[in-house]
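Taking it in order: structure first as structure tokens, then the write-up.
Read the numbers this way: they start at 1 and go in the same order the structure lists the ligands and their atoms.
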Amino acid sequence: GTPASLSRFRGALVGAVLGDCVGGEFEGAEEVPMESVVQHLNSLDDETKGTGILEYSDDTAMTRCVVQSLLGRAGFDERDMARRFAKEYSASPSRGYGSGVVQVLKKLSSPQIKDVYQPAKDQFNGRGSFGNGGAMRAAPFALAFPDLTDIKKFARLGAMLTHSCSLGYNGAVLQALAVHLSLRGALDLPQQFINRLITEMEEVEGDEAALRDARILKEAEKPYCERLHRIRDLMDRSKVSIEEVIAELGNGIAALHSVPTAIFCVLHCLQPREGLPETYGGLERTVAYSLALGGDTDTIACMAGAIAGAHYGIEAVPPSWIRCCEGAEDADVSGGLLHALYHRT
Ligand code: 8NA
Ligand code: MG
Ligand code: MG
């Protein structure tokens with residue numbers, strides 16, 4: 001498709017919702033046989049089975065807040081976004097939020113709050129959260145701003161409302177950058193795509209706070225860059241097992257152990273792979289593969305779904321999946337509205 005086409009915007013937001021909704025089935029599972037994944041996904045096609053509607057979780061609940069805030073304010077407004085997070089949480093508290101972030105969301109609901117970034121800074125004895133909750137909702141920043149500097153700045157600030165550790169918010173920056181490049185058609189050249197991400201993250205992680213957090217947490221000097229290099233190594237290999245992907249990149253709730261994993265899922269599934277149904281297109285392969293990794297499946301599939309959706313576009317999404325997933329049709333509409341905001345038409 002054409003770079004930054006309407007189809008790609010719709011695909012990105014819908015892909016994210018689908019990943020979240022279908023991934024919920026396996027969240028926290030240690031081993032997920034591909035057979036179970038395919039069975040779960042096939043049940044969406046089978047109307048007679050009456051799978052019912054798969055509900056979305058915190059990933060989509062917060063992404064919807066980001067979308068509505070960016071659209072409503074025609075840009076980034078931290079107080080408006082914080083208010084929407086808090087309101088959404090109090091309206092539906094049982095969407096599977098991380099155990100720590102709930103405290104932030106409760107504090108953000110206070111009408112007296114002065115600094116909306118403070119509650120996040122108080123998390124984990126002042127170190128801030130490095131969970132993937134900032135990254136899971138980062139895609140809309142790439143859909144609202146065409147400019148790379150804006151994307152990096154606002155994806156970081158949007159994540160910092162709940163995740164003040166650099167390993168948390170830089171995961172959001174990386175996820176937004178991946179969606180941005182995908183939207184522009186960069187996945188047509190996978191090697192250049194990953195090299196471009198490394199170049200961008202070299203700068204992002206050169207920041208003093210990032211270097212300090214990495215040192216304290218005993219990670220590599222530039223943790224995301226190191227993971228992106230691992231992805232490049234894995235891409236060069238003709239065969240990679242699920243176990244190796246988990247060992248090299250992780251499948252957990254830390255942003256560092258899930259954002260690079262989601263990016264790898266997309267890259268790995270650009271072509272047909274052994275073990276995945278031949279009838280599947282690229283987007284279906286990406287979602288299926290993400291679920292088969294186990295761990296934080298809803299969030300990894302949500303992030304991979306956004307990147308893949310921006311690449312393949314809305315036409316690649318099976319209509320039965322949209323029908324089965326709560327919020328998918330809304331996401332489709334929002335994708336169109338963000339497309340208009342992006343092009344400022
Ligand atoms: P969060 O900010 O509460 O972080 C998630 C968890 O990561 C925390 O509860 C801690 O256990 C740990 N953590 C984060 N930062 C630190 C730190 N500095 N020091 C020590 N421990 C830390 O929530 P979030 O918004 O980042 O959510 C992350 C994930 O949790 C999401 O995928 C969401 O869906 C949720 N979740 C995951 C599972 C699962 O089984 N994988 C289950 C329920 C909820
Ligand atoms: Mg979730
Ligand atoms: Mg999750």
Protein heavy atom at shortest distance from [atom]:
| atom | answer |
| --- | --- |
| atom 42 (C) of ligand 1 | Glu27 OE2, 3.4 Å |
| atom 8 (C) of ligand 1 | Phe124 CZ, 3.6 Å |
| atom 23 (O) of ligand 1 | Gly98 CA, 3.5 Å |
| atom 3 (O) of ligand 1 | Gly100 N, 2.8 Å |
| atom 34 (O) of ligand 1 | Asp58 OD2, 3.1 Å |
| atom 17 (C) of ligand 1 | Phe130 CE2, 3.2 Å |
| atom 32 (O) of ligand 1 | Asp296 OD2, 2.4 Å |
| atom 9 (O) of ligand 1 | Ser99 OG, 2.8 Å |

Heavy-atom closest contact ([X] atom, [Y] atom, distance):
| X | Y | value |
| --- | --- | --- |
| Ala176 | Ala155 | CB-CB, 3.8 Å |
| Cys165 | Arg127 | CB-O, 3.4 Å |
| Glu326 | Cys21 | O-SG, 3.7 Å |

Taking [atom] as the point of reference, which of [options] owns the nearest heavy atom?
| atom | options | result |
| --- | --- | --- |
| atom 1 (P) of ligand 1 | Ser258, Ser129, Ser164 | Ser129 |
| atom 31 (C) of ligand 1 | Ile253, Asn132, Asn125 | Asn132 |
| atom 35 (C) of ligand 1 | Gly96, Gly24, Gly171 | Gly96 |

Do any nitrogen or oxygen atoms of [X] come within less than 3.5 Å of a nitrogen or oxygen of ligand 1?
| X | answer |
| --- | --- |
| Tyr97 | no |
| Gly133 | yes |
| Gly128 | yes |
| Gly295 | no |
| Val101 | yes |

Quiz prompt | Closest approach to the Mg ion (ligand 3) by Glu27, given as the N, O or S atom name | solution =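 Answer by atom name: OE2.
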Quiz item: For the Mg ion (ligand 3), which N, O or S atom of Asp296 is at the shortest distance?
Solution: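 Of all N, O or S atoms in Asp296, the Mg ion (ligand 3) lies closest to OD1.
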Quiz item: Within Thr299, is some N, O or S atom less than 2.8 Å away from the Mg ion (ligand 3)?
Solution: yes
Exercise. Taking the six-membered ring for Trp and the single ring otherwise, decide whether the centroids of Phe145 and His180 are under 6.0 Å apart.
Key: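 Here the rings of His180 and Phe145 have centres that are no less than 6.0 Å from each other.
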Whether the [X] and [Y] side chains hold a donor-acceptor pair (N or O, under 3.5 Å, no angle test) is what I'd like checked.
| X | Y | value |
| --- | --- | --- |
| Ser69 | Arg79 | no |
| Asp296 | Asn132 | yes |
| Ser7 | Glu315 | yes |
| Ser57 | Asp20 | yes |
| Tyr312 | Arg8 | no |
| Gln191 | Asn195 | no |
| Thr199 | Glu202 | no |

Exercise. Hey, can you tell me if Phe124 and Phe130 have their rings parallel, tilted or perpendicular (30° and 60° cut-offs)?
Key: parallel
Quiz item: Just wondering, is there an N, O or S atom on Asp20 that's nearer than 2.8 Å to the Mg ion (ligand 2)?
Solution: no
Self-check item: the Mg ion (ligand 2) contact by Ser57, N, O or S atom under 2.8 Å
Solution: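 Coordinating: yes.
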Self-check item: Sub-4.0 Å heavy-atom approach of Ser57 to ligand 1
Solution: no
Exercise. Specify side chain, backbone, both or neither for Thr299, according to which of its non-hydrogen atoms lie closer than 4.0 Å to ligand 1.
Key: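 Thr299 to ligand 1: side-chain contact only, backbone stays beyond 4.0 Å.
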Practice problem: Check His163 against ligand 1 and report side chain, backbone, both or neither, counting heavy atoms closer than 4.0 Å. | Solution: side chain
Self-check item: Between CZ on residue Phe154 and CG on residue Asp150, distance to nearest 0.5 Å
Solution: 5.0 Å
Quiz item: Hey, does the Lys NZ or Arg CZ of Arg95 hover above the aromatic six-ring of Tyr56, less than 6.0 Å from the centre and inside 45° of the axis?
Solution: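 Satisfied, under 6.0 Å and within 45°.
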Practice problem: For salt bridge (charged side-chain N to carboxylate O under 4.0 Å, His left out), just list the numbers for Asp332 and Arg10, CA-CA rounded to whole Å, side-chain angles, deciding distance to a tenth of an Å, and then say yes or no. | Solution: CA-CA 5 Å; Asp332 194 358; Arg10 296 168 62 198; 2.5 Å; yes
Quiz item: To the nearest 10 degrees, how large is the angle at the Mg ion (ligand 2) between Asp298 OD2 and Asp58 OD1?
Solution: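 Angle OD2(Asp298)-the Mg ion (ligand 2)-OD1(Asp58): 170°, rounded to 10°.
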Exercise. Give the atom name of whichever N/O/S atom in Asp59 sits closest to the Mg ion (ligand 2).
Key: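 For Asp59, the N/O/S atom sitting closest to the Mg ion (ligand 2) is OD1.
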